[in-house]
Chemist: 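I am attaching a structure below and will ask some questions about it afterwards.
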Number of protein chains: 4
Amino acid sequence: MADGAGTKATAAVPRRLLAEATRLFAERGFDRTSVQEIVEAAGVTKGALYHYFGSKDDLLHEVYARVLRLQTERLEQIAAGGGSVAQRLRAAAADVVVTSIENLDDTKIFFRSMHQLSPEKQKAVRADRRRYHERFRALVEEGQRESVFRAELRPDLVVDYFFGSVHHLGTWYREDGPLDAEQVASDFADMLLYSVRRP
Amino acid sequence: MADGAGTKATAAVPRRLLAEATRLFAERGFDRTSVQEIVEAAGVTKGALYHYFGSKDDLLHEVYARVLRLQTERLEQIAAGGGSVAQRLRAAAADVVVTSIENLDDTKIFFRSMHQLSPEKQKAVRADRRRYHERFRALVEEGQRESVFRAELRPDLVVDYFFGSVHHLGTWYREDGPLDAEQVASDFADMLLYSVRRP
Amino acid sequence: MADGAGTKATAAVPRRLLAEATRLFAERGFDRTSVQEIVEAAGVTKGALYHYFGSKDDLLHEVYARVLRLQTERLEQIAAGGGSVAQRLRAAAADVVVTSIENLDDTKIFFRSMHQLSPEKQKAVRADRRRYHERFRALVEEGQRESVFRAELRPDLVVDYFFGSVHHLGTWYREDGPLDAEQVASDFADMLLYSVRRP
Amino acid sequence: MADGAGTKATAAVPRRLLAEATRLFAERGFDRTSVQEIVEAAGVTKGALYHYFGSKDDLLHEVYARVLRLQTERLEQIAAGGGSVAQRLRAAAADVVVTSIENLDDTKIFFRSMHQLSPEKQKAVRADRRRYHERFRALVEEGQRESVFRAELRPDLVVDYFFGSVHHLGTWYREDGPLDAEQVASDFADMLLYSVRRP
DNA sequence: TATGAATGAGAATTCATTCAT
DNA sequence: AATGAATGAATTCTCATTCAT
């Protein structure tokens, strides 16, 4: 019970639960996944789940929180990094495609199951999401101010346009398909840049 | 008993059921909408619903079938119409945005609830959807053959990119928001065209 | 609409309903057969069924009434016919086996579904059945009075013993099996006679 | 919490459910007994029933399994016991009558509700039943080989004949009637022996 | 004589959650 | 930290029957 094996085995339970929940939510949707199925997949009992998570809803919320945290960190880094605004927007766009494909389960869940969260949790997630979008939008606005991007485009519409495409990756992208993540990322970023750049 | 109210009232039951189901599915999702709620909203009993529809699944399938029929017809007309390929692609893109916004409930349902259909119904819907996408993709390919559109883009990726944006309209577009359907349609079509056109 | 085709076609409806009901009740049981299935099999609608039969129960009752009428008539004839009491008992026993096999659907229904009749109809059927058994028992008693059959056997027990076997034909007899109706009838009658005859 | 009442009360739930289900199935048939009635009779909730039994079907299957186990054990013991083959056949026949009467509810269920089991469960029960019958038939064949029983009888027909009578006990035997189990058993066994023995 | 839309009550089953241990 | 029995409310769907036409 020092911070060795004991702690590790213990810590593994919530992690396993979260991993199996993610897999199952992506596979069959939040409402179609029963708590029983999750605990069976994780090899524990219901009591254990409710020991670590307040509710099934909590579990879904955790999935969101994790992926949002990850994407926000990466965006911050890229946006604050070096290079022209066009380079940074392209990098950010390509990166979100790659991480969305690398975490395709999360992507699927995000787009299918958000409205199944309780209203207050939904609000929290939306707020996080908005912050993320705002950071992205700021890049577009920066490009417009520098007259690199077309001024007539509404920045928020650009963001909604692009993230619509990103969120939908889960519906058509197949790991065993002909395209790897980088190819998709490159094409998506390319299309975005062509859309916004002054010709 | 004349061909007025009597006939109409009779015919109205399945239509009313479909309308209320659409509204409720969009509002709270398929799994979160109970058959009881639908029949109460339509002012009939469960027996009546099951007299007309084989299952709750059937109801959802009907919603899909209706919107797919509508969109396919419109696309056919535009694609086969006059004008340059760029004009026709722009028109098709703008049109699907407008009709998606005009039928925002259907759009929401489409993107959230398709995976809640039974496997075989899901297959049928996907097949219809694929046909629709193929028609759209043919426009992109036509433009590439004419060297109006950039040859390096994969046409199917362009289609997935654009329809991701369209399907996501339901998650952010608000009827009472600052943008009307035409404005969104115009900007979305504009971004698509910039993405694909040879500069 | 004289008593030719018109009457015949009309008369055919209840008969068809009864035939299909018999088949279905035998196949899956009374409770497992829905009125809808019966009318579909008969090619009519529910209204037609309820025009001719007061209820689903009535339909089952008719099935019973028909088979009981048939068996009672035959028993009367045989019992009142010529020959020694042993010959008549043997003939009656063999005959009921043959007719039970020839109407195996009715036999199955009889033994499985009687208790699903409404209490009063059940009482009526039981009364008919009792009369039938009494006539059979009278043969046994006659044989005992003549000292042809063993006196120590209770006649009613003999009847219950034998008819248990008969009623169970439906559970094991197969039309496409190795035995034809006559062979079974002969063996069953033989076993009955050996059971009761003074050695 | 000692090993007395506490343990017993806990263990009692599935047992109570099974007991009440047996009673109700015998009283009004499987299809006519609702899960609600069973749990009310047992003083628990539906959730509890489904905690222990996978389905209503499972419950019925358990009833069968229990009675088949019991009868098979007894038959094995008697058949392998001492005495002439005629003595053993008589003992086996009398015993199955006595236990059928002692468990008359099970007997009723057996004969009325087996066909209401799901196909696969039905198959399992039939297989068990067949084994039981085969053991019984082996006794008949043994007697024929020893020329104690008549060679012209088909052993399987004898078994079907006799067990038809046994299974039908539930339809006519009344605990408060004039005959006790032993009397019926003695007469049934007597009739069977007379049927098969060489005169 | 027959239709078929509609009813309303009841069916089996599922499930998130709690709680004594 | 974890169990698993039990709850109770909700879910989809079925069905015999009625009735205006």
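Keep in mind it's a predicted model, so treat the numbers as computed, not measured. The sequence lines fix the lettering, A, B, ..., with proteins before strands; numbering per chain opens at 1. Both backbone and side-chain heavy atoms feed into the values below; hydrogens, waters and symmetry mates do not.
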Chemist: Tell me if a side-chain donor or acceptor on C:Y64 pairs with a main-chain N or O of C:I109 at a distance below 3.5 Å.
Modeler: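 Present.
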
Chemist: Could you check how far CZ of A:F53 sits from P of F:dA2, rounded to whole Å?
Modeler: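 So the CZ-P distance, A:F53 to F:dA2, works out to 12 Å.
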
Chemist: Not counting sequence neighbours, which residues clear side-chain hydrogen bond (donor to acceptor under 3.5 Å, both in side chains) with D:S113? List them please.
Modeler: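 D:S113 satisfies side-chain hydrogen bond (donor to acceptor under 3.5 Å, both in side chains) with no residue once adjacent residues are dropped.
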
Chemist: Quickly work out the A:R16 CZ to F:dA2 C1' distance and round it to whole Å.
Modeler: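 One finds 13 Å between C1' of F:dA2 and CZ of A:R16, rounded.
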
Chemist: So, using ring-ring contact (aromatic ring centres under 6.0 Å, His included) as the criterion, who are the partners of B:H167 when residues are at least two apart?
Modeler: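 Result, ring-ring contact (aromatic ring centres under 6.0 Å, His included) vs B:H167: A:H168, B:F110.
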
Chemist: Please list, chain by chain and in numerical order, all residues satisfying side-chain hydrogen bond (donor to acceptor under 3.5 Å, both in side chains) with C:D106, sequence neighbours excluded.
Modeler: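 Partners of C:D106 by the side-chain hydrogen bond (donor to acceptor under 3.5 Å, both in side chains) criterion, ordered by chain and then number, come out as C:R66.
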
Chemist: Can you check the C:Q116 CD to F:dA16 C1' distance for me, whole Å?
Modeler: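 Answer to the nearest Å: 15 Å.
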
Chemist: Rounded off to whole Å, could you give me the CG-to-C1' distance for the B:L17 and F:dT12 pair?
Modeler: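 About 15 Å, once rounded to whole Å.
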
Chemist: Check whether any side-chain heavy atom of D:V39 lies under 4.5 Å from a side-chain heavy atom of D:V44, and answer yes or no.
Modeler: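 Yes. Closest side-chain heavy atoms under 4.5 Å.
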
Chemist: Can you run down the salt bridge (Lys or Arg N to Asp or Glu O under 4.0 Å) pairs that involve residues 108-123 of chain D, sequence neighbours left out, and say none if there aren't any?
Modeler: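 Qualifying pairs, neighbours excluded: D:D57-D:K121, D:D58-D:K121.
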
Chemist: Using Watson-Crick or G-U wobble pairs with both distances under 3.5 Å, give me DNA chain E in dot-bracket, 5' to 3', with [ ] for crossers and | for pairs to another strand.
Modeler: .||||||||||||||||||||

Chemist: Test: salt bridge (Lys or Arg N to Asp or Glu O under 4.0 Å). Region: residues 37-54 of chain A. Which pairs qualify, not counting sequence neighbours?
Modeler: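 Qualifying pairs: A:R28-A:E37.
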
Chemist: Over how many whole Å does the gap from D:L49 atom CG to E:dT14 atom P extend?
Modeler: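 It works out to 12 Å between those atoms.
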
Chemist: Listed by chain and number, what are the salt bridge (Lys or Arg N to Asp or Glu O under 4.0 Å) partners of D:R69, not counting sequence neighbours?
Modeler: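 Residues passing salt bridge (Lys or Arg N to Asp or Glu O under 4.0 Å) with D:R69: none at all.
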
Chemist: At less than 4.0 Å, is any side-chain N or O atom of C:H51 found next to OP1 or OP2 of E:dT1? Yes or no.
Modeler: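 Yes, because at least one side-chain N or O of C:H51 sits under 4.0 Å from OP1 or OP2 of E:dT1.
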
Chemist: Mind checking what makes salt bridge (Lys or Arg N to Asp or Glu O under 4.0 Å) contact with B:E20, not counting sequence neighbours?
Modeler: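 Residues passing salt bridge (Lys or Arg N to Asp or Glu O under 4.0 Å) with B:E20: B:R23.
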
Chemist: Quick check: on DNA chain E, is the nucleotide nearest B:A48 upstream (toward 5') of the one nearest C:T45, or the reverse? Name the residue that is more 5'.
Modeler: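 Between the two, 5'-proximity favours C:T45.
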
Chemist: Taking the side chain of D:K56 as heavy atoms from C-beta outward, which of E:dT3, E:dT13, F:dT3 is closest to it?
Modeler: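 That would be E:dT13.
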
Chemist: Distance check needed: F:dT12 C1' versus B:L60 CG, whole Å only.
Modeler: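 It is 15 Å, rounded to the nearest whole Å.
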
Chemist: Please report the distance, rounded to the nearest Å, between OH in B:Y52 and C1' in E:dT7.
Modeler: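 Going from OH in B:Y52 over to C1' in E:dT7 covers 13 Å.
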
Chemist: Under the salt bridge (Lys or Arg N to Asp or Glu O under 4.0 Å) test, which residues partner D:D105, sequence neighbours left out?
Modeler: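 Checked D:D105 against salt bridge (Lys or Arg N to Asp or Glu O under 4.0 Å); zero matches.
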
Chemist: Over how many whole Å does the gap from C:Q36 atom CD to E:dT3 atom C1' extend?
Modeler: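 Distance, rounded to whole Å: 12 Å.
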
Chemist: Excluding sequence neighbours, so at least two apart, what forms salt bridge (Lys or Arg N to Asp or Glu O under 4.0 Å) with C:R126?
Modeler: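 Residues passing salt bridge (Lys or Arg N to Asp or Glu O under 4.0 Å) with C:R126: none at all.
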
Chemist: Within residues 27-35 of chain A, which residues have any heavy atom lying less than 4.0 Å from an atom of DNA chain E?
Modeler: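 Contacts with DNA chain E under 4.0 Å: A:T33, A:S34, A:V35.
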
Chemist: Output one line per pair: protein atom, nucleotide atom from nucleotides 18-20 of chain E, and distance, for all N/O pairs under 3.5 Å.
Modeler:
none

